[in-house]
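Quick note: numbers below take in every heavy atom, side chains included, and nothing from hydrogens, waters or symmetry partners.
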Amino acid sequence: MAEAADFQGTSPSPARRWLRRTGAVLAGTPLLAGFLQLPAGSPAEAATPAAPRAASDDGSVAVSVDSLTPGAPSEGDTVTVSGTVTNKGKKAVTDASVGLRVGSLLDTRSSIDTAAKNSGDVDSPAGAEIDDKYTEKFSNLTPGVSQPYTISVPADELDLGQDGVYDLSVTLTGETSDQPWEQTLGVRHTFLPWQPDELDTKTKTTFMWPLVSTVHMTAETGSDEEQTPVFHDDELAAEISPGGRLDRMVALGKDLDVTWVIDPDLLASVEAMTTRYEIPGENTDDQNVVGGHQEVAKRWLTEVQKAVADKEVVALPFGDPDLASLAHHGTSVTGSLRHLKEATDVAAGTVESILHVVPSTDYAWPVEGAVDPSIIKVATSAGADKVIVRGDTFEGGRDLTYTPTAPRPVGGGTTAVVADARLSTVFDGDMTRAAASTQAVQRFLAQSLTLALQTDRPRSVVVAPQRTPSAAQAQTMAEAIGALQDSTWSQPQDLTAAAKSKPDPAAGTDVPPASAYPKSLRKRELPRSAFEQIARTQDKLDRFKVVLSDQSRVVTPFGRALNRGMAASWRGRPAEAAIYRSGIETYLDTLSSQVRLIEKSETKLSGRSATIPVTVQNNLVQGVEHMVLRLTSTNPTRLQIDGDAYEEQPVAVSGGHSQSVKFTTNANANGRATVVAQLYTQDGRPYGQPVTFDVKVTEITATVMLVIGGGVLLLVLAGFRMYTQRKRAAARQAEERGQDDTADEADADAADKGAVNPAVSETRPTGESAPRTREDASEQPSDPAPDTAPESADPSGTGERVDR
């Protein structure tokens, strides 16, 4: 992109030019005298200079500027510069001197960039050295050893004239044994903003202060009433502990005029830590252990509440979704935009309930502010009408010699709030070294002042730094903002006011095409497979939630976890992101499988109809309802379920219980029939795995029934006959007993009278049968012959049984 922010500055005044030229002449006079006094010699000797000269591009001595105060001096101030000098060479440096030099005025923003790029180049122009009394001497610099220096000089002695940014360099001169003449061995260029008087038109600067972290919470919760949350690590505790990254962000930001940009997921995660929470054990097979940073979480939230009081707060969608990845890979997956809408809907309520402030949800912030038409469309699809973009991916406008104001209407009621790229990226990199931090602060102030001096037009400038600054980066940002708020050319402004300011009609409003989207960012986007897995998990969640008596216990944690699954913080960590998304789906599958059908073995049925029980088991802590159980016969010709091929019955099972559902079956033929039991939701979608078992039918036919009936009739008739015979035998015995009793009575009467009956006393003729005994009298002609032969009076043989 063509330079659209260079200041077309005026040339130095005639008086100042005369002073510089005079100084140069005076400085060159001793040099000329030295040349004139040189004896004749070899050309090499004649070329030996007597004045300081550069040894190499980087120099053999490293010079650092670790502190420069004040960063933007005014008249009457004393500028103090401190740092270290380190001999990188193999030879000792003698007669070393550290001094300050004020170079030329850097009147364009691109010239500041060039100077920053060549900040250690000893060949870069450094200007004339300030008075020798503002130097620090070193008799000897040992190789590899660092020596500190501090130089203080009144601002009036710096000979600063025109307002603007000056190249201020710290140089080290000295000699070595193999080059025994004074020369410049090391330099460090930095920037000195000079604006002692208040500008009539100050730049209104908005600094976005992000509270964003990576994903820490999982979808898993405990089975207790409080639903104890489970974190996949305890790194968040380190971030919010004293000295941690987020702790420093809050401590530094509370005293600055900034707009807080907060991911609601961060607040929700820390709030979850204020009570009981769990983290995985050290080994994969270990049980979860209870986290112990409740007091740390409570303290941090309290500090955030104090810091944002009476400040503007912008809430990002929950989980800070990656808008560019969603636009490039997710929109073709059904339901992806639904998650963005849900993340936006819950953002305001989450922030308000925890921080007790009403945030703005009108802003979308793509990664690094890079946009194309599809990103703009996705970013605004959930309700945001302002998109934070960065100037290096957005046209500034044609033939502009200044940086235009931030808001740009891009059509459809959407405003692109263009953050200044130079100011936003100056804090990237390692800020743990004091030299890097100081250089970043001075460069930030230099760019801001140069921007302010470009035009008298009122402008709003937005600074959107990196999403997750380190503690050192946050410290550097705070120093720069503090210096800027005390400056004479800028004043703070919140983001809403900047977005509502009057757009510059000359500023460009064309959204960059998709081809212009940075390839380095596109390579780090979430793939399409990530959104497909999220959609698959959401579909399972939709099927699962309809059977629950308390859906919120599952829908809320899983819904927020799916939002986290598309977070921008997963960029550059594809493996970790895939593990997290798979963990959500696996845990949901585990919960869903807790409601299932109990396996059945083969069932045997005898008869035309029977009842088959099927058991539904619910191992969840809550009840399930709105389900139906369908039992289907795969061979309805042989076996019917309630007179048809299948039957459905409603199912409701309390948590931790089982329930048997009974189905009536009808058999039409003998044999084996396969039956399938399947749970369904009320909308007709299968739930869980089916249970298949065999039913063996042994049906009883009419012929078998006739045979069995005939047998039963014969048994009844036989029993009746036996009963009749026994009754007749009893009657005969009773009659015989009556006759015997009458004869006995007659004999007794005759004996009493002493009469003898001649017929009785006579000897019976031989061969005449003896009178029948009582037993013989009981025999009838129709009685069957006895089973055994008559007893013999002969002695029994050996081994015979004798009846007695």
ask   = Does the side chain to side chain contact (heavy atoms under 4.5 Å, CB included) test come out yes or no for Ile130 and Ile151, once each step is laid out?
value = CA-CA 11 Å; Ile130 301 172; Ile151 299 175; over 6 Å; no

key: Expected output: side-chain Thr438 to main-chain Asp66 donor-acceptor under 3.5 Å   = yes

key: pair Glu525-Arg571: side-chain heavy atoms closer than 4.5 Å   = yes

query = Is any side-chain heavy atom of Thr425 less than 4.5 Å from a side-chain heavy atom of Arg390?
reply = yes

note = Applying salt bridge (Lys or Arg N to Asp or Glu O under 4.0 Å) to Arg443 and not counting sequence neighbours gives Asp113

message = So does Gly369 get a backbone contact from the side chain of Thr393, meaning a donor-acceptor N/O pair under 3.5 Å?
response = yes

Donor-acceptor under 3.5 Å (Ser501 side chain, Ala498 main chain) = yes

message = Would you say that Val85 contacts Val98 through its side chain, given a criterion of any heavy-atom pair below 4.5 Å between the two side chains?
response = yes

Partners passing salt bridge (Lys or Arg N to Asp or Glu O under 4.0 Å) against Glu129 (at least two apart in sequence or in another chain) = Arg101

remark   = Taken to the nearest 0.5 Å, the spacing of Thr476 OG1 from Asp428 CG works out to 11.5 Å

key: Validation row: Pro373, Ile376 side chains within 4.5 angstrom (heavy atoms)   = no

inquiry  = For Val441, is there any backbone N or O sitting under 3.5 Å from a side-chain donor or acceptor partner on Glu479?
reply    = no

message = Just verifying a value: how many Å separate Ser448 OG and Ile481 CD1, rounded to the nearest 0.5 Å?
response = 11.5 Å

request  = Applying ring pair (Phe, Tyr, Trp, His ring centres under 6.0 Å), name anything that partners Trp570, two or more places apart in sequence or on another chain.
outcome  = Tyr580

query = Below 4.5 Å, heavy atoms only, C-beta onward: do Asp121 and Val187 meet side chain to side chain?
reply = no

message = Determine whether Thr259 and Tyr363 satisfy the following criterion, side chain to side chain contact (heavy atoms under 4.5 Å, CB included), listing intermediate values before the conclusion.
response = CA-CA 12 Å; Thr259 293; Tyr363 297 89; over 6 Å; no

task = For the pair Asp178 and Lys91, evaluate salt bridge (Lys or Arg N to Asp or Glu O under 4.0 Å) and give the outcome as yes or no after the intermediate values.
result = CA-CA 8 Å; Asp178 55 348; Lys91 304 289 185 179; 5.8 Å; no

remark   = Taken to the nearest 0.5 Å, the spacing of Lys502 NZ from Ser460 OG works out to 13.0 Å

note = When rounded to the nearest 0.5 Å, the distance separating CG of Leu211 from CZ of Arg467 is 13.0 Å

message = Main chain of Val63, side chain of Arg188: is a donor-acceptor contact present, judged purely on distance under 3.5 Å?
response = yes

request  = Please assess Met431 against Gln475 for the test side chain to side chain contact (heavy atoms under 4.5 Å, CB included), listing each intermediate value before the final yes or no.
outcome  = CA-CA 9 Å; Met431 295 291 134; Gln475 180 68 45; over 6 Å; no

inquiry  = Could you tell me if the side chain of Leu100 sits less than 4.5 Å from the side chain of Val170, heavy atoms only?
reply    = yes

query = Is the closest side-chain heavy-atom distance between Met477 and Leu256 below 4.5 Å?
reply = no

key: Donor-acceptor contact below 3.5 Å, side chain Glu75 vs main chain Ala155   = no

query = Will you find, in the side chains of Ser64 and Thr84, an N or O donor that is under 3.5 Å from an N or O acceptor?
reply = yes

key: Test salt bridge (Lys or Arg N to Asp or Glu O under 4.0 Å) applied to Arg459 and Asp420, step by step   = CA-CA 12 Å; Arg459 287 171 297 167; Asp420 187 82; over 6 Å; no

remark   = Separation between CD (Gln442) and CG (Leu168), nearest 0.5 Å, reads 8.5 Å

ask   = Is Pro503 close to Arg408 at the side-chain level, that is, under 4.5 Å between some pair of heavy atoms?
value = no

Side chains of residues 198-210: which donor-acceptor partners sit under 3.5 Å, not counting sequence neighbours?
residue : atom : partner : partner atom : Å
Glu198  : OE1  : Lys202  : NZ           : 2.6
Thr201  : OG1  : Asp456  : O            : 3.4
Thr205  : OG1  : Ser490  : OG           : 2.8
Thr206  : OG1  : Gln493  : O            : 2.8
Thr206  : OG1  : Asp494  : O            : 3.4
Trp209  : NE1  : Met249  : O            : 2.9

Distance-only polar pair, side chains of Thr403 and Arg109, donor-acceptor under 3.5 Å = yes

request  = Indicate yes or no for a side-chain donor-acceptor contact from Glu312 to the backbone of Leu495 under 3.5 Å, with no hydrogens or angles considered.
outcome  = yes

Show me the side-chain donor-acceptor pairs of residues 134-145 shorter than 3.5 Å, one per line, residues at least two apart or across chains.
residue : atom : partner : partner atom : Å
Thr135  : OG1  : Asp132  : O            : 2.6
Glu136  : OE1  : Thr150  : N            : 2.9
Lys137  : NZ   : Ser97   : OG           : 3.4
Lys137  : NZ   : Asp132  : OD1          : 3.4
Asn140  : ND2  : Thr142  : OG1          : 3.4

task = Look only at the side chain of Ser569 and the backbone of Thr214, and say whether a donor-acceptor pair between them is shorter than 3.5 Å.
result = no

remark   = One should read off an interatomic distance between Leu445 CG and Phe191 CZ, to the nearest 0.5 angstrom, of 11.0 Å

query = What residues, two or more places apart in sequence or in another chain, satisfy salt bridge (Lys or Arg N to Asp or Glu O under 4.0 Å) together with Glu239?
reply = Arg245

